[in-house]
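A quick note: this is a predicted structure, and the numbers were derived from the prediction, not measured.
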Amino acid sequence: MSSRKRKRVGSSGRQLPCPVGTLMEVLPSAASGGGFDDPAAADVLLRLELDDPDPLSIDLHLCSAALRRSRYFAALLSDRWQRPVRGPCPGPGGAISHRLTLKVVACPGRPRGPFDAHVAVLRLLHTLDFSGAIGSASDALEMIPVASELLFDDCIRACVRFLEAVPWTEEEEDWVLNLIPFLPREESQDLLARVLPAMVEKGDAKSVPEEMLHGLIDSATRSHPNVATIKAFVAKLLRDYPSRDSVRRVLDQAFLTSLETVKDHLGKYASPDFRVAGDNDEREAMQRLNLHAAVVNAKHLHWLVERTIELRVADTAVAEWSEQAALAADLQKTFRDDAWKNIAPGLLSLVMKSTFRLANAVVSGTTLAPRQVRMKLVRGWLPVLNVCRDIVSPMPTGQKSVIQELEETFLSIISTLPMSDSKELLQQCLSFSTRNIDDCPHLILAFKTWFRRANRPPYDGVRP
């Protein structure tokens, strides 16, 4: 294209209202353009015409030999489709042998002029300078539809190769997704691999995103040295993840795995068979390892409990915690032996905090647990609570320990049970009063509530 400004064909001389400055950047001089828009060398006059009720157009002087690199133009310029040029020849040397028109559909919202992508692709037909012309993802994305329309295969491959190698904005990624169905299969595979998960084998219960979430949780709780920071980051990812069902499944699996690990190490520590086997030094070393592993995994388990409650997906965790009779028995054995205090002093606090958080989720209604689950939760963990009460030092007046908070929470759960069940469990709570009778208003209130209900006349189906 010469340096003069193009005018709308058929107009009264009004200038083309497209960003000519931008267009000039796309169109290099004839000296560097391989004959592109060089009237002296051209034998084809191509008019780009905007497909619009009030069409705008520009004329380009092109070389047929270069255009034939496009299968579209190769067919159009073949002997079968050639038509003689009528009227005066627009070329200064009389070399124009073909006059063609190409309709251009405007793309609203695109940052560039309506003809820029077509001009860029037509220039590439002459120069084949793909590395110089494709400088950004948006360049490639704008050229692909034009190159596809003109069946310019080398340009399509160059654009796809560029897109595969560079990062995209979210808008550009949406653009890629819209273009992929129109690309040849072999050209689209690398782009598909980047934006879509691989096909999951039939029968595989995990989805690709869930596998990723599970791996992140595992890294946060086990593998990464800077655990606190990574846990905070993974917690945010879980909060922001759009599928609550996926988060539930991933956290349920992680909780069950971590729980089994705690049970395994604590079971080995508390096992009477293990305690009598081997010499004293070896047995003590193994006990330390098992108890240390138990407390490390109890930390991970507590973090998972916090996440399930925060995200309101703690149903499985509550139900599983209510079924841990063997774990509760091993904890009672462990806490009755003072050796744990020197090896894993944080174990008691972690167990009580996890139990309190799950029980409190039930009381608050965050997790709606069935009656049997609520009853088993209190019945199974009340003996552990009673053992821990005798170990933990009383808190200063006005402060509550996690033990006292768990006492109040268990009494609240008991108040939700049928009277026959609450009668049985309340009798096991008498030890809550052993510290100071004035320091157990929660216990007094629980018994008053039970007696108030017990003294009501039986319901005979008639409204009072």
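In this structure, the side chains of Leu125 and Phe36 stay at 4.5 Å or more apart for every pair of heavy atoms. Between Cys388 and Val384 the shortest side-chain heavy-atom distance falls below 4.5 Å. The shortest distance between side-chain heavy atoms of Leu150 and Leu102 falls below 4.5 Å. Here the side chains of Leu291 and His265 are not in contact, with every heavy-atom distance at 4.5 Å or above. The shortest side-chain heavy-atom distance between Lys231 and His300 falls under the 4.5 Å cut-off. When side chains are defined from C-beta on, Leu358 counts as touching Ile309, because their heavy atoms get closer than 4.5 Å. With a 4.5 Å cut-off on side-chain heavy atoms, Val176 and Leu141 count as touching. Under the 4.5 Å side-chain criterion, counting only non-hydrogen atoms from C-beta, Leu151 is not in contact with Ile156.
Under the 3.5 Å distance criterion, the side-chain polar atoms of Trp381 are left unmatched by any main-chain donor or acceptor of Ala328. Of the possible polar contacts, none joining the Thr409 side chain to the Ala359 backbone as a donor-acceptor pair under 3.5 Å is found. Not one N or O on the side chain of Ser271 forms a donor-acceptor pair closer than 3.5 Å with the backbone of Lys268. A donor-acceptor distance shorter than 3.5 angstrom exists from the side chain of Ser415 to the backbone of Ser412, with no hydrogens or angles considered. No side-chain donor-acceptor contact under 3.5 Å links Glu173 to the backbone of Glu170. Although no hydrogens or angles enter the test, the distance criterion places a donor-acceptor pair under 3.5 Å between the side chain of Gln404 and the main chain of Ser401. Panel note: side chain Arg389, backbone Ser431; a donor-acceptor pair is recorded below 3.5 Å. Using modelled atom types, one side-chain atom of Asn178 and one backbone atom of Asp174 make a donor-acceptor pair closer than 3.5 Å. Proximity of a side-chain donor or acceptor of Asn297 to a complementary backbone N or O of Ala293 within less than 3.5 Å is detected. When atom types are taken as modelled, the side chain of Ser349 and the backbone of Gly346 share no donor-acceptor pair closer than 3.5 angstrom.
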Taking it one step at a time, do Asp338 and Lys341 satisfy salt bridge (charged side-chain N to carboxylate O under 4.0 Å, His left out)?
-> CA-CA 6 Å; Asp338 288 342; Lys341 295 181 181 179; 3.7 Å; yes

Working for side chain to side chain contact (heavy atoms under 4.5 Å, CB included), residues Leu406 and Met352 = CA-CA 8 Å; Leu406 187 54; Met352 289 294 97; 3.8 Å; yes

Would you check, one step at a time, whether the test side chain to side chain contact (heavy atoms under 4.5 Å, CB included) holds for Leu311 with Tyr241?
-> CA-CA 10 Å; Leu311 300 174; Tyr241 195 74; over 6 Å; no

Given Ile217 and Arg307, is the side chain to side chain contact (heavy atoms under 4.5 Å, CB included) satisfied, shown in steps?
-> CA-CA 11 Å; Ile217 290 173; Arg307 300 290 71 74; over 6 Å; no

Intermediate values then yes/no, side chain to side chain contact (heavy atoms under 4.5 Å, CB included), Leu128 and Leu124 = CA-CA 5 Å; Leu128 299 179; Leu124 281 172; 6.0 Å; no

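Separation of atoms NE2 (His292) and OH (Tyr269) is listed at 14.0 Å; rounding is to 0.5 Å. Rounded to the nearest 0.5 angstrom, Leu238 CG and Arg244 CZ are separated by 8.5 Å. Ser219 OG to His214 NE2: the interatomic distance, rounded to the nearest 0.5 Å, is 9.5 Å. If you take CG on Leu192 and CD on Glu187, they are separated by 12.0 Å, rounding to the nearest 0.5 Å. In this structure, NZ on Lys263 lies 9.0 Å from CG on Leu256, to the nearest 0.5 angstrom. To the nearest 0.5 angstrom, Glu408 atom CD is 12.5 Å from Ile413 atom CD1.
Considering every non-hydrogen atom in both Leu430 and Leu443, the closest pair reads O-CD2, 4.2 Å. Between Phe410 and Leu377 the shortest heavy-atom distance is CZ-O, 4.1 Å. What you find for Thr308 and Leu251 is that their closest heavy atoms are CG2-CB, 4.0 Å. Across every non-hydrogen atom of Arg123 and Ala133, the tightest pair is NH1-CB, 4.1 Å. Of all non-hydrogen atoms in Leu304 and Ala254, the two that sit nearest each other are CD1-O, 3.5 Å. Across all their heavy atoms, Ala140 and Phe162 have their closest contact at CB-CD2, 4.4 Å.
By the 6.0 Å contact criterion, CE on Met419 is enclosed, its count of non-hydrogen atoms from other residues, nucleotides or ligands being greater than 12. Other residues, nucleotides and ligands contribute only 12 or fewer heavy atoms inside 6.0 Å of the NZ atom of Lys423. Shown here is Arg456, whose CZ atom has more than 12 heavy atoms of other residues, nucleotides or ligands within 6.0 Å.
Salt bridge present: Asp240 and Lys236 bring a charged side-chain N and a carboxylate O closer than 4.0 Å. A salt bridge links Arg248 with Asp315; the closest basic N to acidic carboxylate O contact falls under 4.0 Å. The existence of a salt bridge linking Asp154 and Arg69 is excluded, since no basic side-chain nitrogen approaches an acidic carboxylate oxygen closer than 4.0 Å.
Figure legend: cation-pi geometry between Arg194 and Trp168, with NZ or CZ positioned under 6.0 Å from the six-membered ring centre and within 45° of its axis.
Between Phe130 and Phe152, the ring planes are tilted. Angles from 30° to 60° get that label.
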Donor-acceptor pairs under 3.5 angstrom involving side-chain atoms of residues 363-372: please list them, not counting sequence neighbours.
| residue | atom | partner | partner atom | Å |
| --- | --- | --- | --- | --- |
| Ser364 | OG | Asn360 | O | 3.0 |
| Ser364 | OG | Ala361 | O | 3.2 |
| Ser364 | OG | Thr366 | N | 3.4 |
| Ser364 | OG | Thr366 | OG1 | 2.9 |
| Arg371 | NH1 | Asp421 | OD2 | 3.4 |

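In this model, a donor atom of one side chain and an acceptor atom of the other lie less than 3.5 Å apart for Thr355 and Trp321. There is a side-chain donor-acceptor pair under 3.5 Å between His302 and Ser354. Side-chain atoms of Ser422 and Trp450 form a donor-acceptor pair, as typed in the model, at a separation below 3.5 Å.
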